[in-house]
Amino acid sequence: MNDVTPYILLSAILFTIGTVGVLVRRNAIVVFMCVELMLNASNLALVAFAYQHGDLEGQIAAFFVMVVAAAEVVVGLAIIMTIFRTRRSASVDDASLLKY
Amino acid sequence: MFLFTEGGHSIPVVDPLGTAGVFSLMWLVIALPLAGAAVLLLGGRRTDSWGHYLGTAMPIGSFAISVYMLLDLLGRDETERSVSQHLWDWVSVGDFRVGMDLLVDPLTILFLLLITGVGSLIHVYSIGYMSHDPRRRRFFGYLNLFVAAMLMLVMSENYLGLFLGWEGVGLASYLLIGFWQHKPSAAAAAKKAFVINRVGDIGMSLAIAMFFVTFGSTSFTVISQGAGEAGDGALTAIGLLLLLGACGKSAQVPLQAWLLDAMEGPTPVSALIHAATMVTAGVYLITRSNFIFELAPHAQTAVVVVGTVTLLWGAVIGCAKDDIKKALAGSTMSQIGYMVLAAGLGVYGYAFAIFHLLTHGFFKANMFLGAGSVMHGMDDDVDMRHYGALRKAMPVTFATFAMGYLAIIGFPGFSGFWSKDHIIEAALVESPIAGVCALLGAGVTGFYMTRLMLMTFFGEKRWLKDVHPHESPSVMTVPLMVLAALSVLGGVLFIGHWIVDWLSPVVGEAPEHALPIPALALTAITVVVVAAGVAVAWLLFGRRPVPATMPIDVSPVIKAARADLYGDAINEGLVVQPGRVLTSGVVGFDHSGADGLVRGGASVVAGAGQGLRKLQNGFVRSYALSVLSGVLIVIVTLAVVNL
Amino acid sequence: MSVTFWILAIIMVPAALGVLLVRKAVHAALLLAVVMISLAILYLTLAGPFLFAVQIIVYTGAILMLFLFVLMLVGVDAADSAVETIRGQRVLAILGGLVLGVFLVVGLSQIALGAATGLDDANAAGNIQALANILFSRYVFAFEVTSALLITAAVGAMVLAHRERLVPKAGQAETAAQRVRDFAESGKHLGPLPSPGVYARHNAVDTPALLPDGTPEPTSVSAVLAARGTVRSAPALADDVDDVRRALAQIDGPDGGAASGVDTSSGTGHNTENPGADASATDSPTGAPR
Amino acid sequence: MSDFPWLTVMLLVPLAGAALVPVVGAALARQVGLVFSLVTLGVGVAVAAQYHASDGMQFTETYDWISAFGVHYALGVDGLGLLMVLLTAVLVPIVIAASWKDADEGEAGYGALDGNGQGGSAGFIAWTLALEALSLAVFLATDVFLFYIVFEATLIPAYFLIGGFGRAGRSAAAVKFLLFQLAGGLVLLGGVIGLYVVSAQQGAPSYLLSDLMSLDIGTTAGRVLFVTFFVAFAIKAPLFPVHTWLADTTEKATPGTSVLLVCVLDKIGTFGMLRFCLGIFPEASQWATPVVIALALVSIVYGALLAIGQDDLLRLIGLTSLSHFGFIVLGIFVFSSQGGTGAVLYMVNHGLGTAALFLLAGYAIKRRGTASIAAMGGQEKLTPVLAGLMLVAGLATLGLPGLSTFVSEFLVIISAFQYHWFVGAVAVTGIVLAAIYVLWMYQRTMTGPTPEALADPALPSSRDVSVREIAAVAPLVAALVFLGFYPTPLLDAANPYIGDLMSHVGVTDAPPDVTAPAAGHAEEAH
């Protein structure tokens with residue numbers, strides 16, 4: 001297998017789907033999942049390029065992305081929990097007091 | 001030294017000598033009244049008690065110095081009769097150097113004598129006239145200020161100094177006309193006088209600017225020497241601008257509306273400023289600038305035209321006025337018209353203009369002070385229809401007024417006869433039309449002066465109930481007698497053509513001009529015309545009783561004359577109304593236009609702010625969308641740029 | 001290699017779309033799991049066994065599970081309504097996504113990457129060893145920083161989730177007073193619930209305990225089961241009690257009848273099979289949270 | 001010229017005063033303020049005494065400030081600078097003396113205690129001294145960068161002076177003033193930076209005026225930079241299109257503030273035109289002359305017409321300055337020594353004349369409690385001395401010969417006429433319009449019948465000017481009259497400066513058409 005372009009295209013597609021997901025869904029958790037999807041897409045691209053260039057740096061980067069994603073999920077979900085506890089709803093649109 | 005002889009007459013060059021002897025006191029002539037004015041105006045209450053005596057002493061002092069200078073000049077040879085004194089460098093910028101210089105030459109000395117002589121008499125008269133006015137000190141202060149400014153005007157050796165005196169006189173007349181400021185009419189008249197003078201001053205300023213541009217200096221000496229080489233266009237323009245200035249100051253036709261309103265001021269003011277001195281400043285200016293007018297024939301014809309028109313204009317107004325002072329003011333305007341006409345005739349006329357100016361100074365001041373004395377007796381009532389048969393009540397005033405009357409109508413032997421007759425004669429020679437108008441004017445003068453005399457002193461009493469006229473105190477009648485004597489003996493100046501020869505070093509000589517008809521016949525015609533005027537007046541006002549109230553249904557001519565031939569209406573319509581509309585328009589434009597732009601800009605910014613505010617709608621997903629659109633823009637531009 | 005790629009790609013893309021389109025959040029989570037695992041396999045094809053493992057264990061195993069926990073807490077059945085509230089959001093989002101997708105795909109497909117050098121020589125000493133060499137040589141500082149990050153995240157989550165006690169802890173006296181007050185206001189059962197085993201006929205979780213007067217105690221069954229409607233009816237148990245009473249009645253004659261006035265109305269059989277009818281009777285009044 | 005840093009001392013004295021006055025508390029504030037301003041005047045007079053007329057820039061102090069940009073803390077005084085410094089140093093004590101307790105009284109008396117509490121007269125005097133220090137710095141700065149900084153810094157005290165003291169609506173006027181000036185400052189900043197770029201291209205960058213004047217800036221660059229400088233100065237010295245802030249400011253601010261603004265701060269505009277526009281961009285100035293002269297003429301006539309149509313006394317006086325600044329700019333841009341000297345003299349004389357008129361108007365307004373001309377009338381009978389002084393100040397504004405303003409106005413008219421007869425004619429109409437608005441204003445406020453309500457002498461309106469009030473205005477009137485007859489001291493300072501400037505710009509005066517004939521013996525008679 002000598003050409004990684006399909007991987008890159010797949011990663012692009014997943015990334016786009018993730019983006020649309022973030023914009024369309026209203027449930028906070030689903031939005032969060034879409035963000036995770038986008039992160040995975042970028043990981044795929046990193047690994048693919050690592051393979052392309054024969055340099056493990058890509059995989060190291062992917063690894064770090066995962067670590068950061070973990071931290072992010074932890075805090076993100078904690079926030080969603082607190083919002084849910086006070087507002088009894090996990091919809092993203094409900095938290096819209098900070099406006100004109 | 002003469003400039004050059006052209007067309008038979010030579011134009012003298014102003015070439016003054018250094019000061020010597022009494023002339024070193026030249027500056028004192030101005031300094032005295034100026035000091036008097038300063039002391040009186042700044043002195044405040046303390047100078048109230050003796051203020052007016054100091055005020056009167058100043059012009060008398062100047063008069064004494066002037067007489068002394070006259071004697072010194074008489075003793076000199078004809079070519080050395082002009083002396084100049086440099087006081088200090090006034091304005092020197094680059095090659096525009098103007099010194100505060102004074103010049104006394106035959107023309108100036110005559111004016112000095114007139115101003116200080118008649119001025120002193122009027123000051124003495126004012127002591128009586130203003131005796132019970134609370135602000136007498138301030139009045140004398142203003143009078144002294146006026147005398148100082150007038151002296152500066154006539155004695156200055158350059159046009160800028162002349163302009164300084166010119167505006168100083170304008171200011172003094174503003175202050176004196178508006179002396180009784182609590183009367184709104186007086187304040188309005190004062191403002192009107194100053195503004196119209198100011199319009200005339202546009203001419204003066206531009207003329208002086210042109211002097212500098214063309215001759216590089218504003219001093220008479222340099223200009224008179226360089227006048228020969230200047231271009232005709234420049235000279236004519238300067239001439240016309242000087243004429244505009246003269247009209248403003250001497251109340252000639254285009255700018256004459258202020259003179260009749262100026263009668264709001266106290267009578268001595270009218271006598272001094274609006275009869276003897278200030279209004280003649282225009283004639284002095286034209287005579288002094290003879291080296292310009294001689295080389296600008298068009299300007300001279302303009303002067304003649306203005307003189308003739310004003311001559312008739314003033315006469316017609318004089319006939320219809322019931323207010324004694326306004327009638328005299330109308331006659332002043334007409335007499336100055338004569339002088340301007342004479343000055344416009346060129347070298348022939350200058351001497352006669354000045355001669356008439358002097359005699360007019362005497363008899364007009366005499367009549368104004370007489371009118372003042374009449375008003376003094378009639379509790380300041382100016383309406384002639386409430387006078388009548390005052391000759392018995394105020395014999396001295398009647399006698400002196402009669403002398404002035406005989407002089408002004410040109411009764412043979414009196415001063416007015418000599419001066420006006422020669423003007424008519426010169427006018428007939430130079431420009432016949434003007435001559436005929438002058439002759440006609442003489443007749444009308446006879447008419448309105450006789451009407452004035454009959455309505456005031458003859459006929460039966462038309463006094464108001466509690467009015468009982470009495471003769472004025474001697475402090476007022478003595479100056480009247482002196483002036484009456486001068487009006488009678490004024491002709492002496494003309495014995496053996498003395499005044500013409502006296503002024504020739506200033507205005508140049510002219511060969512004897514051939515008269516179309518013998519002089520005696522011409523004089524006879526004039527006397528007949530005047531007699532006709534007098535007779536008509538006698539028929540209308542002598543035989544029939546004068547109605548106590550002004551008749552309303554009169555011919556349109558008289559209606560027009562009563563409204564100053566609609567002079568004011570023209571000014572109002574042409575200048576004041578459009579000016580007011582323009583001003584409010586400009587204020588409106590400034591508020592909505594210039595300021596509108598600024599306020600408009602501010603509201604646009606505020607509107608934009610309101611609009612953008614709506615973008616912040618609180619929904620996370622909208623913000624995410626804007627982030628995405630940002631990314632898209634970046635990607636698209638990258639793609640486009642790379643292609 | 002490319003065969004696996006195509007297979008996985010075909011699985012992953014619809015799964016990803018599913019995450020986007022599916023109504024229930026739980027289904028979305030599961031679909032995401034599918035995507036992640038297939039991704040892991042892709043890593044294998046790209047010579048990244050270590051990442052394959054980490055992806056499955058850490059990413060899918062831990063993080064996704066975390067999602068499910070939170071879903072469980074937040075209410076697994078919360079379904080989004082299809083109606084879009086923000087005007088024009090959906091259209092613009094889809095349009096934006098399309099434009100992004102098109103540009104990325106078209107742009108990336110044009111770059112000619114050329115032959116991939118492959119990771120064989122890099123992984124010569126084994127992928128994990130190679131990774132470790134790089135990680136602990138050049139990126140050791142970054143590694144330490146990520147550890148700090150993780151700790152911070154943990155503390156952060158704890159702080160966020162912890163609820164500060166605003167009111168002092170209610171002591172025994174207060175709870176007793178509160179119980180009496182509740183009974184007075186809402187007639188809530190004053191006494192403690194029967195301890196397990198008393199009057200109990202069954203230890204099944206979906207069978208409510210019986211109060212002394214024979215009425216089932218709704219709070220003894222989990223709200224989730226009540227919400228699902230699979231609670232067994234208590235009256236079915238009433239027959240045994242009636243038998244016992246009838247026996248007692250016969251022993252002490254006619255005056256024992258007063259005790260039998262207890263409502264054993266329905267008395268239909270033990271009907272765990274049609275839970276709907278009975279469930280309503282015993283359904284807990286507390287609303288099923290979404 | 002000892003090496004004693006006279007100029008720096010002259011700046012520090014008012015600054016020290018400004019710092020000390022609030023500390024010293026309201027009781028002594030006025031006296032301390034007056035003392036400091038008089039000391040500044042003393043230093044100014046000392047500098048003037050040691051100033052040799054024809055030696056160009058003197059008392060120079062140059063220290064490196066930001067060497068990277070070639071910025072120096074450089075001070076120096078030349079003819080023009082000296083006159084402006086003396087004008088400022090004279091006007092500030094007069095303003096302090098004139099508005100002695102104004103800032104303490106309530107709204108009617110222009111007090112500041114109604115709201116933003118600027119601390120009454122102590123605050124007023126502190127801000128005034130600060131403004132004086134900064135204005136002096138502007139006139140003395142010979143480094144364009146330093147000039148720009150203090151040029152902008154003057155806005156701070158000016159803003160607080162307008163906004164803190166005066167009549168209702170003053171804060172709006174203050175904001176408008178600030179926005180206008182800041183816009184100008186912004187444009188000027190562009191110019192200053194442009195200068196750096198140009199001077200950096202030609203060797204070491206330096207902001208020293210002397211270096212910049214010897215810089216040969218390309219025509220297009222020169223013109224662009226000229227426009228930036230000119231726009232900023234046109235806003236500062238109000239010229240036609242950008243003048244609307246002037247009327248509002250003078251209407252709402254106290255007369256004292258208006259004096260500082262119109263007679264000192266606005267002069268920075270025309271001062272800048274002379275020193276920087278003509279100095280650094282001579283070619284561009286000549287290129288822009290027709291446009292500038294058109295704007296100046298419009299300002300003259302437009303300002304006068306506006307003044308005639310006003311009903312508010314202070315607003316009217318403010319607008320007269322728009323007309324006068326038109327004259328000054330006209331004088332500057334006709335490029336003749338008469339025009340230049342006329343403009344410089346005009347700046348000084350206008351400073352004296354308008355200051356007197358503002359302060360006297362302030363006295364009249366305080367006495368009548370209203371600034372509306374229609375509501376005033378017959379004041380002359382009640383307070384003759386005030387009316388007399390007002391008349392003299394009014395006559396100075398309309399340029400009556402015998403008063404100093406006439407000399408400068410006439411020089412400008414002559415040079416305008418020499419430039420082109422039409423320009424002269426339009427400029428001259430200004431003097432008639434001036435006569436109209438001054439005398440009409442005087443007639444409606446001072447003369448005419450006194451309303452009966454004000455008859456009794458106890459009312460403030462019949463209290464004539466007090467000794468302090470006269471003492472504040474008397475020096476101005478005396479200067480107006482003395483300099484009217486003997487303007488030589490001003491001319492000695494202005495002529496050499498303008499001579500050097502004209503030779504720097506490369507312009508010689510047009511010779512008269514008729515060269516004077518062989519000096520007739522009359523010439524020696526002088």
>> Checking an interface table here. Which of residues 185-214 of chain B come within a heavy-atom distance under 4.5 Å of chain C?
In response: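 Expected list: none.
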>> So if I take each residue of residues 620-638 of chain B and look for any heavy atom under 4.5 Å from a heavy atom in chain C, which residues do I end up with?
In response: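 Within residues 620-638 of chain B, the residues that come under 4.5 Å of chain C (heavy atoms only) are B/R621, B/S622, B/L625, B/L628, B/V631, B/L632, B/I635, B/V636.
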>> Does anything in residues 88-105 of chain C reach chain B? List residues with heavy atoms under 4.5 Å apart, or say none.
In response: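 The residues closer than 4.5 Å to chain B, in numerical order, are C/Q89, C/L92, C/A93, C/G96, C/G97, C/V99, C/L100, C/F103.
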>> Quick check on B/K559: does its NZ atom have over 12 non-hydrogen neighbours (other residues, nucleotides or ligands) under 6.0 Å away?
In response: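 Counting neighbours around NZ of B/K559, more than 12 heavy atoms of other residues, nucleotides or ligands fall under 6.0 Å, so yes.
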> More than 12 foreign heavy atoms under 6.0 Å from CZ of C/F141: is that the case here?
Replying inline: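 Open.
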>> If the condition is side chain to side chain contact (heavy atoms under 4.5 Å, CB included), which residues does C/F69 pass it with, not counting sequence neighbours?
In response: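 C/F69: side chain to side chain contact (heavy atoms under 4.5 Å, CB included) contacts with C/L66.
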